[in-house]
Amino acid sequence: MHPALLFPNRRLRLFSSIILALLLTAGAGLPGFVPLSQSATDQANPEPLRLFSITELEAGSNGHYVTNARINHRSVSVLVDTGASAVALSYEDAENVGLKTRSLDFNVKVSTANGEGSAARVMLKNVEIGGVRVRDVEGLVLQKGAMRGTLLGMSFLGRLKSFSVEGGKLILKN
């Protein structure tokens with residue numbers, strides 16, 4: 001009798017193992033392997049597929065989590081703030097990440113640590129800390145001089161698989 005007839009699941013297990021190996025390799029990032037959903041303009045700078053990403057942030061001496069993020073592929077310093085409902089960019093940081101601030105409509109009323117103010121709704125192409133990336137993130141741009149810096153709020157954090165604080169570190173998982 002032929003061995004394949006004696007062990008019919010053997011081929012299926014082998015095939016499943018090959019598929020799993022390909023998926024894991026793709027998750028690690030093959031050079032030039034571009035996700036199908038990536039736009040033609042982004043294909044000039046292909047990004048590897050990621051199946052799972054974790055970033056750990058150390059708290060500063062004041063207990064806050066301040067780090068560099070990439071917003072719309074540009075670096076900006078952010079304060080991670082679970083009390084902020086959205087990613088809130090200062091006017092200056094919004095300009096630095098390529099948003100056209102002069103054409104924004106500042107019609108959203110907001111409450112900040114500095115009091116009441118107005119902001120404009122924007123859509124950020126991507127927000128990334130370490131290897132943790134979220135695309136199409138809702139954000140707010142505050143009027144010029146209303147705030148210094150950028151808050152990384154729940155419109156980003158809420159889209160992650162999870163975030164937690166353990167041993168003084170903020171752990172972001174996606």
Side-chain angles (χ1 to χ4, degrees), residues 29 34-35 37-50 52-174:
V34 179
S37 64
Q38 198 167 7
S39 71
T41 57
D42 289 340
Q43 288 184 9
N45 299 313
E47 301 171 3
L49 284 178
R50 292 187 180 112
F52 189 73
S53 298
I54 298 176
T55 296
E56 292 184 2
L57 303 175
E58 295 278 343
S61 59
N62 58 5
H64 295 289
Y65 297 96
V66 178
T67 189
N68 283 323
R70 294 193 56 79
I71 298 177
N72 293 351
H73 303 291
R74 296 187 186 168
S75 183
V76 64
S77 180
V78 299
L79 169 68
V80 181
D81 185 355
T82 59
S85 57
V87 174
L89 295 102
S90 68
Y91 189 91
E92 295 76 14
D93 282 350
E95 286 181 330
N96 290 339
V97 301
L99 297 176
K100 294 179 173 124
T101 53
R102 292 182 184 175
S103 63
L104 294 177
D105 185 10
F106 293 89
N107 63 354
V108 178
K109 298 296 177 202
V110 294
S111 295
T112 70
N114 296 332
E116 298 290 317
S118 296
R121 289 188 198 282
V122 293
M123 184 62 68
L124 305 169
K125 291 178 190 174
N126 55 63
V127 177
E128 180 176 2
I129 296 180
V132 174
R133 179 187 307 121
V134 177
R135 293 177 189 242
D136 301 323
V137 177
E138 292 180 30
L140 296 171
V141 175
L142 276 77
Q143 288 181 314
K144 196 170 195 171
M147 180 175 77
R148 255 190 278 157
T150 291
L151 301 177
L152 197 66
M154 292 304 295
S155 62
F156 170 79
L157 296 169
R159 303 253 320 269
L160 300 178
K161 180 178 179 189
S162 70
F163 63 94
S164 60
V165 176
E166 298 175 27
K169 292 182 181 179
L170 177 61
I171 302 168
L172 308 175
K173 296 180 183 178
N174 201 22

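If you're wondering where the values come from, they're calculated on a predicted model, not measured in any experiment.
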Discussion item. A side-chain contact here means heavy atoms from C-beta on lying under 4.5 Å apart; do Leu152 and Ile129 qualify?
Written reply: yes
Worksheet item: Are there more than 12 heavy atoms of other residues, nucleotides or ligands under 6.0 Å from atom CD of Glu92?
Response: yes
Item to complete: Working to the nearest 0.5 Å, report the span between CE of Met147 and CG of Asp93.
Response: 7.5 Å
Worksheet item: Once you round to the nearest 0.5 Å, how far does CG of Leu172 lie from OG of Ser162?
Response: 8.5 Å
Response to the item:
Heavy-atom nearest pair, Met154 first then Thr82, reads CG-O, 3.5 Å
Worksheet item: With no hydrogens and no angle check, is any side-chain donor or acceptor of Ser155 less than 3.5 Å from a backbone partner on Val137?
Response: no
Fill in: Side-chain heavy-atom pair Ser90, Arg148 within 4.5 angstrom cut-off
no
Worksheet item: With side chains defined as the heavy atoms from C-beta onward, is the minimum distance between Leu124 and Phe156 less than 4.5 Å?
Response: no
Fill in: Atom of Val66, atom of Ser77 and distance for their closest heavy-atom approach
CG1-OG, 3.8 Å
Fill in: Exceeds 12 heavy-atom contacts within 6.0 angstrom, atom CZ of Arg159
yes
Response to the item:
So OG1 of Thr150 and CG of Leu89: to nearest 0.5 Å the spacing works out to 4.0 Å
Worksheet item: If you round to the nearest 0.5 Å, how far is CD of Glu95 from OG1 of Thr101?
Response: 3.5 Å
Worksheet, complete the sentence: Scanning both residues in full, the closest heavy-atom pair of Val132 with Ser53 reads CG2-O, 3.7 Å
Worksheet item: Are any non-hydrogen side-chain atoms of Asn174 and Val134 less than 4.5 angstrom apart?
Response: yes
Practice prompt. Kindly determine whether Val80 and Leu157 satisfy side-chain contact (heavy atoms from CB on, under 4.5 Å), including the steps that lead there.
Written response: CA-CA 9 Å; Val80 181; Leu157 296 169; 4.0 Å; yes
Discussion item. With heavy-atom distances below 4.5 Å as the criterion, would you say the side chains of Glu138 and Met123 are in contact?
Written reply: yes
Worksheet item: Are side-chain heavy atoms of Lys169 and Leu57 found at a separation under 4.5 Å?
Response: no
Worksheet, complete the sentence: NZ of Lys173 to CD of Glu56, rounded to nearest 0.5 Å, is 9.0 Å
Fill in: Heavy-atom pair with the smallest gap, counting every atom of Asn72 and Lys125
OD1-N, 2.7 Å
Item to complete: Might you point out which heavy atoms bring Gly168 and Tyr65 nearest each other, and give the distance in Å?
Response: O-OH, 3.2 Å
Fill in: Non-hydrogen atoms of Lys100 and Leu104 that approach each other most closely
O-CG, 3.6 Å
